[in-house]
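A short write-up of the structure that comes next.
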Amino acid sequence: MNIDIQSLHFKADETLKAFVLKKTEKLSRLDERILAADICLKTERSETTDNKICEIRLSLAGQALFASRKSKTFEQATSEAVEALKRQLRKRKTQMSKGRN
């Protein structure tokens, strides 16, 4: 799986990139057909502290999945987005297995 991490309007440090990479790589265990993951980290101008956004787009054979989460930290937003994608992958796998019967 090819993973591309972009940080818009700020420079992400290596520990943040390593965290995002580690979390995203775990998704390949759920579906071996994942080709690539495009991750975008950005901040939003906001009155609240929940202004860190993580957007993840997974490219699968013939399909794409997407999740976006906003939180106080990039780490938390990433974790929540990865969990959302795990649910999508599990649902997709269940639907595919039901279709084969």
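In what follows, residues are counted from 1 in the order of the sequence shown.
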Supply the atom-to-atom distance R57 CZ to I39 CD1, rounded to the nearest 0.5 angstrom.
12.5 Å
To check you understand the geometry: which heavy-atom pair defines the closest contact between T24 and A37, and what is its length?
CG2-CB, 3.7 Å
Compare every heavy atom of K23 with every heavy atom of S79, then report the nearest pair and how far apart it is.
OG-CE, 3.4 Å
Looking at every heavy atom in both M1 and E25, which two are closest together, and how far apart are they?
CE-CA, 3.8 Å
Of all residues at least two apart in sequence or in a different chain, which pass the side-chain hydrogen bond (donor to acceptor under 3.5 Å, both in side chains) check with K52?
none
As a quick check of understanding, evaluate side-chain contact (heavy atoms from CB on, under 4.5 Å) for L65 and I34, giving each step before the final call.
CA-CA 10 Å; L65 300 177; I34 298 174; over 6 Å; no
Reported CG-to-CG distance for the pair L58 and L85, which is rounded to 0.5 angstrom:
4.5 Å
Here the pair of heavy atoms bringing A81 nearest to A67 is O-CB, 3.7 Å
Apply side-chain contact (heavy atoms from CB on, under 4.5 Å) to D4 and N2, showing your working.
CA-CA 7 Å; D4 180 37; N2 183 24; 5.6 Å; no
Taking NZ, NE, NH1 and NH2 as the nitrogens, is one of them in K42 or E55 under 4.0 Å from a carboxylate oxygen of the other?
yes
Distance (rounded to the nearest 0.5 Å) between T78 OG1 and K22 NZ:
13.0 Å
Distance, nearest 0.5 Å, that separates CG of L41 from CD of E75
9.5 Å
Are F74 and V82 connected in a single hydrophobic cluster, I mean Ile/Leu/Val/Met/Phe/Trp/Tyr linked by side-chain heavy atoms less than 4.5 Å apart?
yes
Does E80 have any salt bridge (charged side-chain N to carboxylate O under 4.0 Å, His left out) partners at least two apart in sequence or in another chain, and if so, which?
none
What's the spacing between R33 CZ and M96 CE if we round to 0.5 Å?
4.0 Å
Is L16 reachable from L27 through a run of I, L, V, M, F, W or Y residues, each pair having side-chain heavy atoms under 4.5 Å apart?
yes
Value for CD1 (I56) from CG (D38), rounded to nearest 0.5 Å, stands at 10.5 Å
Side-chain touch K91/R87, heavy atoms, less than 4.5 angstrom:
no
Work out which heavy atom in D31 is nearest to a heavy atom in R92; give both atom names and the distance.
OD2-NH1, 2.9 Å
Report the C-alpha distance between K86 and E83 in whole Å, list the side-chain angles of each, state the deciding distance to 0.1 Å, and finish with yes or no for side-chain contact (heavy atoms from CB on, under 4.5 Å).
CA-CA 5 Å; K86 283 181 183 179; E83 286 302 315; 3.3 Å; yes
Grouping I, L, V, M, F, W and Y whenever their side-chain heavy atoms are under 4.5 Å apart, do F66 and L60 come out in a common cluster?
no
Could you please spell out the steps behind the side-chain contact (heavy atoms from CB on, under 4.5 Å) verdict for L30 and K93?
CA-CA 9 Å; L30 294 174; K93 197 173 219 179; 5.7 Å; no
Here the pair of heavy atoms bringing K72 nearest to D50 is CG-OD1, 2.8 Å
Does one hydrophobic cluster hold both F10 and V20, with members joined at side-chain heavy-atom distances below 4.5 Å?
yes
